[in-house]
Amino acid sequence: MSRLDSFIRRVSAQRDILNYVTGEISDVDGPVLELGLGNGRTYDHLRENLPLREIFVFDRSINANPQSVADGDYMILGEIRDTLAFCGPRVKAEAALIHCDLGSGDPTTDLATCAWISPLIIERTAQGGIVASGLALDLPNFEELSLPEGIQKKRYFLYRKL
Ligand SMILES: C[S@@+](CC[C@H](N)C(=O)[O-])C[C@H]1O[C@@H](n2cnc3c(N)ncnc32)[C@H](O)[C@@H]1O
């Protein structure tokens, strides 16, 4: 498969998954955490889907379309390893949804990311909350959910905190 085909499948899977999880968190209180602003596409989609939720966005720097950057207190800049660990005073409540889009394409880097980010995600997710991730995570007290129909296995991972 060409990289273009792979990109198209990845972003269309992201859109379908974000649409799916929007419905799954309707009974769970708490903000949304977007880990990895990047171009801001998925952030923009989340804020369109969830206009009444607080959405906190994390990245080490801003390289997004200017229309897709979170305002003031909702844009948390720095290494996620530090900012997610210490975001409590700003974010306050545990998250109803965490979308983690930090895949690097390098299997060693991705395994290292999984090792440090999984405990931080466990700590920041509300009971019943959903984690949607491009990387497989190690979340022992979560159930792994099936992906919406049509999305290839292991393209994305969905978890719910028990
Ligand atoms: C794949 S992009 C996210 C794409 C985004 N979801 C979109 O739709 O445009 C990943 C982003 O995560 C950020 N990132 C990756 N690892 C990070 C880390 N350890 N700390 C902070 N930011 C990180 C990168 O700077 C990059 O902007």
Side-chain angles (χ1 to χ4, degrees), residues 10-11 13-104 109-110 112-145 147-148 155-162:
R10 188 170 77 85
V11 294
Q14 276 184 323
R15 179 205 53 207
D16 294 350
I17 280 167
L18 295 181
N19 289 345
Y20 173 71
V21 297
T22 294
E24 290 295 299
I25 61 163
S26 53
D27 291 336
V28 187
D29 289 335
V32 174
L33 307 187
E34 167 79 333
L35 306 182
L37 173 67
N39 181 279
R41 290 187 193 98
T42 51
Y43 165 61
D44 192 48
H45 198 72
L46 281 168
R47 71 181 172 178
E48 197 174 286
N49 275 6
L50 296 161
L52 301 178
R53 294 268 180 181
E54 289 191 298
I55 306 180
F56 292 90
V57 185
F58 295 70
D59 208 302
R60 56 168 64 99
S61 57
I62 296 179
N63 289 301
N65 181 309
Q67 290 176 352
S68 302
V69 178
D71 298 331
D73 271 357
Y74 292 94
M75 187 71 238
I76 300 183
L77 285 175
E79 283 300 307
I80 289 171
R81 199 172 187 151
D82 302 324
T83 53
L84 189 58
F86 297 103
C87 67
R90 267 162 90 172
V91 173
K92 298 188 179 75
E94 292 173 331
L97 171 64
I98 299 183
H99 175 230
C100 177
D101 188 14
L102 301 178
S104 70
T109 305
D110 288 350
T113 302
C114 167
W116 63 257
I117 208 166
S118 294
L120 299 177
I121 285 180
I122 291 170
E123 201 182 317
R124 297 286 345 151
T125 311
Q127 195 175 6
I130 302 273
V131 176
S133 173
L135 294 178
L137 298 172
D138 184 14
L139 305 177
N141 48 346
F142 288 57
E143 61 173 330
E144 187 167 352
L145 305 179
L147 297 172
R155 185 165 282 283
Y156 237 76
F157 300 85
L158 275 181
Y159 306 93
R160 190 198 316 268
K161 191 169 188 182
L162 298 170

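When a residue number appears, it is its place in the shown sequence, counting from 1.
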Hey, are the side chains of [X] and [Y] touching, using non-hydrogen atoms and a 4.5 Å cut-off?
| X | Y | result |
| --- | --- | --- |
| P31 | Y74 | no |
| D29 | E94 | no |
| T125 | F142 | yes |
| I122 | D138 | no |
| L137 | F157 | no |
| P148 | I17 | yes |
| I121 | L35 | yes |
| I98 | R124 | yes |

>> Checking I117 against C100 for the side chain to side chain contact (heavy atoms under 4.5 Å, CB included) test, could you report, in this order, the C-alpha distance in whole Å, the side-chain angles of both residues, the deciding distance, and whether it holds?
In response: CA-CA 10 Å; I117 208 166; C100 177; 4.1 Å; yes
Just by distance, with hydrogens left out, do [X] and [Y] show a side-chain donor and acceptor under 3.5 Å apart?
| X | Y | answer |
| --- | --- | --- |
| N39 | N65 | no |
| N49 | T22 | yes |
| E143 | Y159 | no |
| E34 | T42 | yes |

> Is the CG atom of N19 crowded by more than 12 outside heavy atoms at less than 6.0 Å?
Replying inline: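 Buried by this count: over 12 neighbours within 6.0 Å.
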Measuring from [X]:[atom1] to [Y]:[atom2], what's the distance to the nearest 0.5 Å?
| X | Y | atom1 | atom2 | result |
| --- | --- | --- | --- | --- |
| I76 | F56 | CD1 | CZ | 6.0 Å |
| I80 | L120 | CD1 | CG | 10.0 Å |
| H45 | L50 | NE2 | CG | 9.0 Å |
| D110 | S104 | CG | OG | 3.5 Å |
| R53 | L46 | CZ | CG | 11.0 Å |

Can you name the nearest heavy-atom pair linking [X] to [Y], along with the distance?
| X | Y | value |
| --- | --- | --- |
| V69 | R47 | O-NH1, 4.4 Å |
| A64 | G40 | CB-N, 4.1 Å |
| S68 | Y43 | O-CD2, 3.3 Å |
| G30 | A96 | O-CB, 3.6 Å |

>> Going by the rule side chain to side chain contact (heavy atoms under 4.5 Å, CB included), which residues pair with D101 if we only count those two or more places apart in sequence or in a different chain?
In response: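 Partners of D101 under the side chain to side chain contact (heavy atoms under 4.5 Å, CB included) test: R10, Q14, H99, Y156.
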> Given the rule in the side chain to side chain contact (heavy atoms under 4.5 Å, CB included) test, do L33 and L97 qualify, once you have shown the distances and angles that lead to the verdict?
Replying inline: CA-CA 6 Å; L33 307 187; L97 171 64; over 6 Å; no
> Under the side chain to side chain contact (heavy atoms under 4.5 Å, CB included) criterion, do L147 and D16 qualify, and how do the steps go?
Replying inline: CA-CA 9 Å; L147 297 172; D16 294 350; over 6 Å; no
> Under 4.0 Å between a Lys/Arg side-chain N and an Asp/Glu carboxylate O for E144 and R160?
Replying inline: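 R160 and E144: not salt-bridged.
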Donor-acceptor pair, distance only, cut-off 3.5 Å: does the side chain of [X] make one with the backbone of [Y]?
| X | Y | answer |
| --- | --- | --- |
| S118 | A115 | no |
| R90 | D73 | yes |
| K161 | N141 | no |

>> Please evaluate residues L77 and T83 with respect to the criterion side chain to side chain contact (heavy atoms under 4.5 Å, CB included), reporting the C-alpha separation (whole Å), side-chain torsions for both, the decisive distance (0.1 Å), and the verdict.
In response: CA-CA 7 Å; L77 285 175; T83 53; over 6 Å; no
